[in-house]
Amino acid sequence: FSIREFYRRRIRRLYPALFTVLAFTMALGLALFPPTLLKELVKSQFFTTLFLSNLAFARETGYFDIQAELKPLLHTWSLGVEEQFYLLFPPILYVLHRWAKRLLWPALFALAIWSLWFSQTRLAAHPEVSFYFPTSRAFELLIGALCVAIDRHVSLPTLAQRILSVVGLAAIALGLVLINADSPFPGLLALLPCLGTAALLVSPQGWGNRALSWSPLVRVGDISYSLYLWHWPLLVFTRFVFPDSPWMIVAALILSAGLAWLSWRYIETPFLRAHTEKQPGKRRLPIWTLGGLAMTASIGLCLCIYYAG
C-alpha cells in the first residue's frame with residue numbers, strides 16, 4: 001500500500017468532474033443570480049475547492065431550510081467531510097500498523113464509538129456541528145473500515161450472509177422511511193443506513209447483494225459520483241428560475257442523470273484509466289490538479305474580495 005498512490009487516486013477520482021461542475025455552476029450563477037446570492041455562491045466555491053465547505057456551511061444555515069435551497073454547492077459538505085477524513089485516516093492507520101498493530105482494530109472501533117457519541121451529544125444544542133463536522137461523521141466512514149476486519153477475520157457461512165444482506169437492505173429501507181428533514185441526524189439514527197450498508201459489504205454472497213447486482217442498478221452506481229455532483233446545482237437553479245413548476249424539477253433530475261453519464265463517460269473514466277507510468281497523463285496529473293485548484297480558488301477569492309467591497 002502506498003499513501004502517495006492513494007492520494008493520487010483520490011485526485012484522479014474527484015477533481016476532474018468537480019472542476020467541471022464548479023465551472024458550470026459559476027457560469028449559471030453569473031448569468032442568473034442577483035449579487036447577494038452570487039456573493040454566497042462565490043464564497044461556497046472557494047471553500048469547496050479547498051474541501052472546507054462543510055465547515056463554512058456549519059456557520060450559516062441548516063441543510064433543509066429555505067435558504068439552503070438557494071445554495072447550489074451545499075451538497076459538497078459531504079465531499080469536504082470525506083476528504084478531511086481521508087487526509088487524517090491513512091497516517092493514523094500507518095502509525096497504528098507500524099507501532100501498535102495489535103491495537104489497530106480496537107483503536108478504530110474506539111474512534112468510531114467516540115465519534116458516534118460526539119455526534120449524538122451535539123444534536124440537541126449544536127445540530128449544525130453534528131451534521132457538518134468531520135468529528136461527528138467519522139463513525140460512518142469508520143464503520144466501512146471496520147468491515148475489513150470482519151472480512152479478514154470472520155468467516156460467515158453462506159446462509160448467514162444471505163440473511164444478513166436482507167437485514168441490511170431492510171435497515172436501509174427503514175432509514176429511508178424514518179429519516180426526514182425533522183429527524184435528529186446523524187447520531188444514532190445514522191446507524192440504520194450505515195450498519196445496513198455494512199451488512200451488505202460483509203455478505204458478498206447474500207440475496208440482497210444479488211438484487212443490487214442488477215445491471216441498471218450497477219449503471220447507477222457507475223455514475224453515482226457525477227450524479228451526486230450535478231443533481232443539486234441543477235435543482236437549485238431550476239427552483240430559482242421556475243419556483244412553482246414541479247415538472248421542471250422532474251426535467252432537472254432527468255438532465256442531471258444525462259449530464260452525470262456524460263461526465264462519467266468522458267471525464268471520470270479517462271482519468272481513472274490513466275493509472276500506469278507509461279501513460280503520460282499520470283506524471284502531469286499533480287501539476288494539472290494543483291493548477292486547476294489554484295485557478296479555481298483564485299477566481300473564487302478574487303470574486304469574494306470584489307463582492308465584499
Side-chain angles (χ1 to χ4, degrees), residues 8-32 41 44-45 48-49 51 53 63 68-83 86 144 169 172-173 175-176 193 197 200-201 204 208-242 245-276 279-282 284-285 288-289 292-293 295-296:
R8 190 193 297 272
R9 291 187 178 190
R10 295 296 299 170
I11 290 171
R12 276 201 304 268
R13 170 69 173 148
L14 300 179
Y15 274 84
L18 176 62
F19 284 161
T20 302
V21 173
L22 287 178
F24 169 86
T25 303
M26 184 54 62
L28 274 188
L30 288 168
L32 299 175
L41 173 58
S44 298
Q45 178 182 317
T48 297
T49 306
F51 294 105
S53 61
Y63 195 63
E69 294 186 356
L70 295 176
K71 293 181 179 293
L73 297 176
L74 181 63
H75 64 315
T76 61
W77 71 267
S78 60
L79 198 59
V81 167
E82 183 180 345
E83 289 315 295
Y86 282 125
L169 278 181
I172 294 172
L176 287 172
T197 303
L200 291 168
L201 289 174
N209 299 62
R210 292 181 183 178
L212 292 175
S213 65
W214 185 39
S215 181
L217 295 180
V218 174
R219 296 296 172 264
V220 173
D222 288 338
I223 68 170
S224 60
Y225 174 59
S226 284
L227 187 59
Y228 152 78
L229 289 176
W230 283 104
H231 84 285
W232 187 255
L234 288 172
L235 286 175
V236 169
F237 287 122
T238 300
R239 290 192 186 104
F240 181 76
V241 178
F242 305 100
S245 177
W247 291 110
M248 293 305 297
I249 297 297
V250 174
L253 290 173
I254 295 173
L255 179 60
S256 66
L259 289 174
W261 183 86
L262 290 172
S263 178
W264 167 76
R265 177 66 178 82
Y266 296 106
I267 299 175
E268 283 190 69
T269 303
F271 276 90
L272 290 174
R273 284 178 177 171
H275 63 279
T276 65
Q279 292 172 297
K282 182 172 180 179
R284 293 197 300 266
L285 182 63
W288 178 91
T289 303
L293 176 65
M295 181 181 68
T296 309

What verdict does the side-chain contact (heavy atoms from CB on, under 4.5 Å) test give for Tyr225 and Leu18, after you've listed the backbone C-alpha separation in whole Å, the side-chain angles of each residue and the deciding distance to 0.1 Å? CA-CA 9 Å; Tyr225 174 59; Leu18 176 62; 3.9 Å; yes

Step-by-step side-chain contact (heavy atoms from CB on, under 4.5 Å) determination, Met26 to Leu41: CA-CA 8 Å; Met26 184 54 62; Leu41 173 58; 4.1 Å; yes

Shortest non-hydrogen contact from [X] toward [Y]:
X: Val21; Y: Pro233; answer: CG1-CG, 4.3 Å
X: Thr76; Y: Tyr228; answer: CA-OH, 3.4 Å
X: Arg239; Y: Ile249; answer: CG-CD1, 3.6 Å
X: Lys71; Y: Trp232; answer: O-NE1, 2.7 Å
X: Pro270; Y: Arg265; answer: CD-O, 3.5 Å
X: Glu268; Y: Ala17; answer: CG-CB, 4.2 Å

### Task
Could you tell me whether the side chain of Ser263 and the main chain of Ala260 form a donor-acceptor pair under 3.5 Å?
no

Quick check against the 3.5 Å criterion: does His75 have a side-chain atom that pairs as donor or acceptor with the backbone of Leu229? yes

Is [Y] close to [X] at the side-chain level, that is, under 4.5 Å between some pair of heavy atoms?
X: Ile172; Y: Leu200; result: yes
X: Thr25; Y: Phe237; result: yes
X: Leu74; Y: Val236; result: no
X: Thr269; Y: Asp222; result: no
X: Leu14; Y: Glu83; result: yes

For Phe242, ring-ring contact (aromatic ring centres under 6.0 Å, His included) partners two or more places apart:
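Phe242 satisfies ring-ring contact (aromatic ring centres under 6.0 Å, His included) with no residue once adjacent residues are dropped.
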
Nearest-0.5 Å distance, [atom1] of residue [X] to [atom2] of residue [Y]:
X: Tyr15; Y: Arg10; atom1: OH; atom2: CZ; value: 10.0 Å
X: Leu272; Y: Arg9; atom1: CG; atom2: CZ; value: 10.0 Å
X: Tyr266; Y: Trp261; atom1: OH; atom2: CH2; value: 4.5 Å

In Leu227, Leu259, Ile223, the residue satisfying side chain to side chain contact (heavy atoms under 4.5 Å, CB included) with Trp264 is Ile223

Practice problem: Go through Leu73 and Leu22 one step at a time and tell me if the side-chain contact (heavy atoms from CB on, under 4.5 Å) criterion holds. | Solution: CA-CA 8 Å; Leu73 297 176; Leu22 287 178; 3.8 Å; yes

Note to self: Would you call the rings of Trp230 and Phe24 parallel, tilted or perpendicular, taking 30° and 60° as the class edges?
What the structure shows: perpendicular

